[in-house]
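Here the structure is laid out as structure tokens; the discussion comes afterwards.
Sequence lines set the chain letters: A, B, ... in the order given, protein chains first and strands last, and positions in each chain run from 1.
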Amino acid sequence: MDLGQFDRIGPYQWQIPQSGGMRVPAQIFADETLLRDMDDKVGEQIRNVACLPGIVTAAYAMPDAHWGYGFPIGGVAAFDPEQGGVVSAGGVGFDISCGVRLHVTNLAAADIRAVQDKLAHELSRAIPAGMGSRGSIRLNDAEMADMLAGGAAWAVAQGYGRTADLARIEEQGKMAGATPEAVSAKAINRQREEMGTLGSGNHYLEVQRVDQLFDDAAARAYGLAPDQAVVMIHCGSRGLGHQIGTEYLREMAIAAPGHGIDLPDRELACAPITSELGQRYLGVMRAAINCAFANRQILTHLVRGVFDRFFDAATLDLLYDVSHNTCKEERHAVDGVSRRLFVHRKGATRAYGPNAAGLPEALSATGQPVLIGGSMGTESWVLAGDARSEAAALSSACHGAGRAMSRHQAAKLWTGSGVTSELAALGITVKSPSKRGIAEEAPGAYKSVARVVEVAEQAGLARRVARLKPMICIKG
DNA sequence: ATGTTC
């Protein structure tokens with residue numbers, strides 16, 4: 001990235017001043033090295049986002065930002081419906097409500113190590129993974145509609161997991177305002193056999209150990225202790241979300257001129273929040289959020305089933321489940337005035353600070369768990385929402401390491417079996433149906449997640465609580 | 001991310 005276009009407005013905050021068609025400034029949270037290593041496309045993309053109607057405060061990019069479809073991955077942008085604000089299918093992304101959930105266990109790393117290979121094998125048998133993988137659940141039209149309206153609450157009512165899990169999911173596991181009846185038959189048919197599947201790409205299920213604590217009080221509140229085993233799931237709304245994204249990107253791009261919107265980039269396809277199309281997208285996007293909640297909830301149930309076969313009285317309590325590809329209606333203070341905004345977070349995690357409305361009581365004093373999925377074989381992180389993040393970036397933080405190179409480049413540099421052996425030497429068992437997938441996800445293809453979260457903390461976006469190291473990784 | 005190009 002060319003640094004010449006930026007004003008450094010804080011130790012970890014860089015601003016592109018408003019110019020041309022920009023309605024607000026564009027800002028990136030990074031240190032000089034992370035910023036320099038970012039693709040120039042990230043700057044171009046947040047400048048374009050800053051041109052969209054009704055945007056407030058600024059177009060933001062998180063420390064892990066990289067080039068995405070229209071919006072950068074690691075992008076945050078909020079729009080005011082009363083100021084002509086828009087909702088953008090490209091601002092949410094194809095993998096609607098992709099997110100991370102983390103379970104704390106009553107097991108130690110040594111308990112996992114004693115059965116590591118067998119446990120990895122059984123998890124890989126129980127968790128369908130990979131492109132086009134199918135689960136054992138088949139839903140008819142009425143069941144699909146109930147799932148799309150009820151999310152994880154529907155899943156729990158079907159026997160997948162426990163009522164206590166719901167309090168630990170964003171929106172209590174059920175996104176209000178979903179309109180299953182507006183979801184296309186094609187999207188529904190793609191998802192009919194994909195509930196309880198992991199998908200591919202950077203999605204994974206990992207058994208990890210708590211490697212180091214950075215905030216003892218927050219760790220206690222979250223139930224995390226050194227050397228404890230935890231289970232992280234990273235996945236989204238599978239074929240349904242992708243189909244909805246595809247359909248609405250096309251429809252919004254075609255409809256934009258009719259809404260008086262001059263798109264700086266066709267990939268930023270959007271519609272006014274108050275328009276029929278904008279409202280229809282929000283309804284089906286919320287249905288996809290429920291699909292992702294239900295999918296992750298079923299995966300929790302499947303993992304618990306496997307752990308029950310290996311351990312007496314193993315507990316996998318849900319710490320939290322939070323999405324990083326969404327558009328959510330939230331209230332934020334802008335210049336001291338509370339406004340109703342539609343906040344797009346694409347590859348960015350909501351990061352509510354202490355005492356925020358909507359947090360369960362047990363987490364309120366500490367702040368929302370901000371779950372950061374790292375790259376395969378490196379590390380993942382638990383952060384806590386920081387009150388300073390509200391003013392800095394509308395209560396948002398990073399979501400992962402961020403790719404340092406393309407999948408194509410990575411597949412040329414590594415082989416699946418080579419990466420698997422290298423990780424095995426580090427005590428990490430990787431299971432995947434795709435050798436190419438493992439090569440594409442090689443740890444070296446990602447930025448340093450440790451540096452990303454350190455900068456996120458220094459920038460006031462979230463506070464580091466715990467570093468997690470993988471032991472078993474199930475990849476798509 | 002994705003029945004890896006309806």
Per the side-chain contact (heavy atoms from CB on, under 4.5 Å) rule, which among A/Lys328, A/Met175, A/Glu171, A/Lys174 passes with A/Arg286?
->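 In the set A/Lys328, A/Met175, A/Glu171, A/Lys174, the residue that makes a side-chain contact (heavy atoms from CB on, under 4.5 Å) with A/Arg286 is A/Met175.
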Check each of A/Leu341, A/Val24, A/Leu394, A/Val76 against A/Thr57 using the side-chain contact (heavy atoms from CB on, under 4.5 Å) test, and report the only one that passes.
->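 Answer after filtering A/Leu341, A/Val24, A/Leu394, A/Val76: A/Leu394.
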Students often get this wrong, so: under 4.0 angstrom with heavy atoms, is [X] touching a base, only sugar-phosphate, or nothing?
{"X": "A/Gly201", "result": "sugar-phosphate"}
{"X": "A/Gly236", "result": "nothing"}
{"X": "A/Arg407", "result": "sugar-phosphate"}

OP1 or OP2 of B/dT2 less than 4.0 angstrom from a side-chain nitrogen or oxygen of A/Ser200, does that happen here?
->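 Yes, such a contact exists.
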Rounded to whole angstrom units, what separation is found between the [atom1] atom of [X] and the [atom2] atom of [N]?
{"X": "A/Ile73", "N": "B/dT2", "atom1": "CD1", "atom2": "P", "result": "13 Å"}
{"X": "A/Leu240", "N": "B/dT2", "atom1": "CG", "atom2": "P", "result": "12 Å"}
{"X": "A/Glu441", "N": "B/dT2", "atom1": "CD", "atom2": "P", "result": "11 Å"}
{"X": "A/Arg436", "N": "B/dT2", "atom1": "CZ", "atom2": "C1'", "result": "15 Å"}
{"X": "A/Gln243", "N": "B/dT2", "atom1": "CD", "atom2": "P", "result": "13 Å"}
{"X": "A/Leu198", "N": "B/dT2", "atom1": "CG", "atom2": "C1'", "result": "14 Å"}
{"X": "A/Ile438", "N": "B/dT4", "atom1": "CD1", "atom2": "P", "result": "20 Å"}
{"X": "A/Phe94", "N": "B/dT5", "atom1": "CZ", "atom2": "C1'", "result": "12 Å"}

Does the distance from a Lys or Arg side-chain N to an Asp or Glu carboxylate O, for A/Asp31 and A/Arg451, drop under 4.0 Å?
-> yes
Looking only at non-hydrogen atoms, find the nearest pair between A/Phe342 and A/Glu329 and report the distance.
->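 Closest pair (atom of A/Phe342, atom of A/Glu329, distance): CZ-OE1, 3.6 Å.
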